[in-house]
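The block underneath contains the structure these notes are about, expressed in structure tokens.
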There are 2 protein chains.
Amino acid sequence: MNRRRTGGARVKATIYSIARELDISASTVSRAFSRPDMVNTKVRERILATAAAQGYELNRAARGLATGRTGLIGLVVLDITNPFFPPLVRAVERAASASDASVMLLDAESGGQKAADQLKRLSAQVDGLIVASPRLATKDLQAAVGSTPTVLVNRAVRGIPSVTCDNSAALREAGDHLVELGHRRILLLRGPAGSWAASQRTNAVRSWAQQTSADVELVELGPVEATYEAGWHAAEAIASSGATAIMAFDDYLACGVVGGLDEQGLSVPNDRSIIGCDDVLLARTLTPQLSTVTAPFEELGTRAVTLLSEVSAGGAPGNQKLSGEYAARGTTGRV
Amino acid sequence: MNRRRTGGARVKATIYSIARELDISASTVSRAFSRPDMVNTKVRERILATAAAQGYELNRAARGLATGRTGLIGLVVLDITNPFFPPLVRAVERAASASDASVMLLDAESGGQKAADQLKRLSAQVDGLIVASPRLATKDLQAAVGSTPTVLVNRAVRGIPSVTCDNSAALREAGDHLVELGHRRILLLRGPAGSWAASQRTNAVRSWAQQTSADVELVELGPVEATYEAGWHAAEAIASSGATAIMAFDDYLACGVVGGLDEQGLSVPNDRSIIGCDDVLLARTLTPQLSTVTAPFEELGTRAVTLLSEVSAGGAPGNQKLSGEYAARGTTGRV
DNA sequence: CTGAAAGCGCTTACAG
DNA sequence: CTGAAAGCGCTTACAG
């Protein structure tokens with residue numbers, strides 16, 4: 001057996017290969033990485049140097065086995081293809097890597113039993129779960145999650161910490177803005193049935209409509225899927241509803257409505273005004289730009305990661321509420 | 001110490017806890033999961049039953065340590081926020097989970113040294129890497145990847161297998177379509193400097209322009225970033241270029257141009273025609289829908305995963321070329 | 001088909 | 001500050 005050795009040993013670098021080369025114990029090498037202040041500075045430096053020379057990379061699976069912590073965060077999204085999720089994924093990824101964790105992504109593809117099974121499998125491999133998958137049935141969720149620390153995004157389930165976005169103030173403001181612009185008959189295009197966010201937003205708009213001093217008439221349409229197509233198809237009914245302004249569940253849906261209204265020969269904001277929610281990429285690429293309620297993606301992600309580490313540490317944090325802000329842009333005009 | 005025991009043992013389920021309960025060896029339990037046909041059917045059934053009863057989930061990190069394969073695929077994307085990536089991520093995720101692997105996501109956030117470091121770290125934790133990050137410097141890429149099996153998406157680097165999309169035929173077709181519609185002065189809005197896909201597409205359009213029998217004059221603008229804003233800002237120059245049609249590097253950029261042209265008082269397709277590339281979500285949500293060259297996301301993802309497993313198995317597959325198709329939609333009209 | 005045993009690459013309590 | 005040793009939860013060659 002003629003092992004090729006060029007310069008350093010060409011064997012796989014481990015704490016042992018480093019220890020051998022330096023003639024010290026593997027324990028010390030291990031400590032140099034896991035608890036650097038426990039080892040002599042000189043020694044540590046030599047370890048780091050030969051680690052670099054050998055191209056050593058810590059094997060996280062092995063560490064995970066020894067410590068019981070994998071350094072992995074499972075991130076479950078409803079549908080990565082929905083423009084709401086990419087900015088959230090990015091924020092979570094950033095926050096995770098800041099705390100030296102990596103993220104395993106699971107695209108739940110709209111929930112269903114398969115998603116529940118995959119979630120169950122995932123939950124066993126990670127330190128914690130961040131779930132942004134509003135459609136997963138609560139029971140499946142609880143069952144799949146088991147005892148894995150979990151935090152929910154934009155959804156509240158009894159007993160599971162969450163970070164949610166309270167848009168009621170912003171939606172009020174949005175409604176008031178429409179009133180100022182002279183709108184009186186306003187259509188609320190409700191989001192998906194069973195979506196926590198959808199019912200929150202619906203309630204917020206309803207209560208605004210009831211409490212406003214103006215003589216507002218709220219027409220409701222839905223529930224509908226939160227997709228462009230759904231919005232597009234709703235446009236006909238919207239056009240004939242007599243409403244001059246639309247408050248849509250989210251931007252994605254709102255963009256579809258704008259497209260569909262165009263098909264009906266109606267232009268925004270001249271013929272109709274519309275307001276979305278979330279401020280996703282589509283909101284900015286729409287011409288004119290969509291008036292909307294912004295979602296603080298960056299913070300949603302950061303807080304989710306922070307909450308998760310609190311749960312992992314044994315805490316029982318409550319629900320964190322962030323809030324969106326109304327941004328009047330190009331799709332709201334005088335009646 | 002009063003351990004609570006309700007029904008089954010409340011200890012963590014492992015192959016040992018199952019073995020103990022069934023009074024068999026852990027080896028057999030292990031085989032029941034890793035190589036089921038090696039164990040007696042009856043025995044296997046009992047194992048599976050008590051595993052379910054105990055809520056056992058295989059610890060993949062432990063398996064990984066033992067086998068040297070983690071069951072993890074690292075997926076590196078340039079920028080998850082760019083609409084090109086979500087469909088790709090989804091396709092990869094699907095294909096991975098079909099072969100019982102999970103994906104670890106790394107958002108390279110436009111490359112840079114940080115991304116290279118993160119990649120290096122990631123590469124040590126996964127069985128293989130799928131890299132869709134055109135900006136990562138080739139050297140960094142090669143260094144970070146080391147000996148980890150890797151496949152590139154939409155980029156070709158000597159010595160690394162890849163799956164790319166050859167759009168030249170579709171771009172020719174797109175060009176011909178513009179000519180048919182009466183366009184003669186056509187502006188090529190080039191993508192980012194250093195992007196492999198951008199140079200491919202640029203070359204394809206140039207060679208089409210040279211070879212076409214029509215009297216086409218190709219005006220070039222760029223390189224520019226592939227973002228909405230970049231497209232938007234390019235619109236002024238485009239408007240004054242005298243070109244009646246634009247072929248843009250990708251859809252994202254094209255949508256920005258449409259927005260910017262609108263700002264210039266120019267409408268699409270009446271005043272200008274435009275064609276994008278990739279067929280991302282934005283292409284469909286634009287009003288009118290964007291004429292574009294479609295990218296076969298699903299296949300891109302599937303093939304990448306397949307290629308990766310070939311590399312892991314010791315093969316040295318070459319580059320796989322898929323191809324896009326021209327889809328004439330609403331943004332191309334008569335001059 | 002099954003079991004005993006060694007090993008994967010770390011960590012960490014314990015003893016120095 | 002350092003080392004020897006046990007252990008994390010699996011897999012697998014080897015012997016039966």
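Quantities reported herein were computed from a predicted structural model and do not represent experimental measurements. The figures here come from the full heavy-atom set of this structure, side chains too, leaving out hydrogens, waters and symmetry mates.
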| said: What's the gap between dG9(D) and dA13(D) when it is taken at their P atoms, as a whole Å value? | reply: 23 Å
| message | Which heavy atom of Asp127(A) sits nearest to which heavy atom of Thr148(A), and what is that distance? | response | O-CG2, 4.1 Å
| Contact class for Arg31(B) (heavy atom, under 4.0 Å): base, sugar-phosphate, or nothing? | base
| message | Taking Watson-Crick (N1-N3 plus N6-O4 or O6-N4) and G-U wobble (N1-O2, O6-N3), each under 3.5 Å, can you produce the dot-bracket string of DNA chain D? Use [ ] for crossing pairs and | for inter-strand ones. | response | |||.||||||||.|||
| task | Could you tell me whether Phe33(B) contacts a base, only the sugar-phosphate backbone, or nothing, with contacts defined as non-hydrogen atoms closer than 4.0 Å? | result | nothing
| About how many Å separate OG of Ser195(B) and CG of Leu78(B), when rounded to the nearest 0.5 Å? | 8.5 Å
| task | Please test Asn319(B) against Ser162(B) for side-chain contact (heavy atoms from CB on, under 4.5 Å), starting from the C-alpha separation and ending with a verdict. | result | CA-CA 5 Å; Asn319(B) 298 2; Ser162(B) 61; 3.2 Å; yes
| Arg69(B) CZ: over 12 foreign heavy atoms closer than 6.0 Å | no
| message | So Ser30(B), base contact, sugar-phosphate only, or nothing? Heavy-atom distance under 4.0 Å. | response | base
| Gln125(A) vs Ser102(B), side chain to side chain donor-acceptor pair (under 3.5 Å): CA-CA, chis, key distance, verdict | CA-CA 10 Å; Gln125(A) 318 304 140; Ser102(B) 300; over 6 Å; no
| Separation between the P atoms of dC10(C) and dC14(C), rounded to whole Å | 24 Å
| message | Reading DNA chain C from 5' onward, which residue's closest nucleotide shows up sooner: Ala62(B) or Ser27(B)? | response | Ser27(B)
| Nucleotide interval of DNA chain C bounded by contacts with chain B (heavy-atom cut-off, under 4.0 Å) | dC1(C) to dG9(C)
| field | For Arg155(B), the option from Ile160(B), Thr164(B), Leu136(B) that meets side chain to side chain contact (heavy atoms under 4.5 Å, CB included) | value | Leu136(B)
| Going through the distances and angles, do Arg90(A) and Asp79(B) end up as a salt bridge (charged side-chain N to carboxylate O under 4.0 Å, His left out)? | CA-CA 8 Å; Arg90(A) 155 167 287 189; Asp79(B) 171 7; 2.8 Å; yes
| message | Taking dA6(D) as the reference, what is the distance to dT2(D) when you measure between their P atoms (whole Å, please)? | response | 23 Å
| request: Tell me, please, which residues at least two apart from Phe85(B) pass ring pair (Phe, Tyr, Trp, His ring centres under 6.0 Å). | output: none
| Can you tell me how far C1' in dG16(D) sits from the matching atom in dT12(D), rounded to whole Å? | 15 Å
| said: If the test is side chain to side chain contact (heavy atoms under 4.5 Å, CB included), which one of Leu75(A), Val76(A), Leu129(A), Val126(A) qualifies with Leu106(A)? | reply: Val76(A)
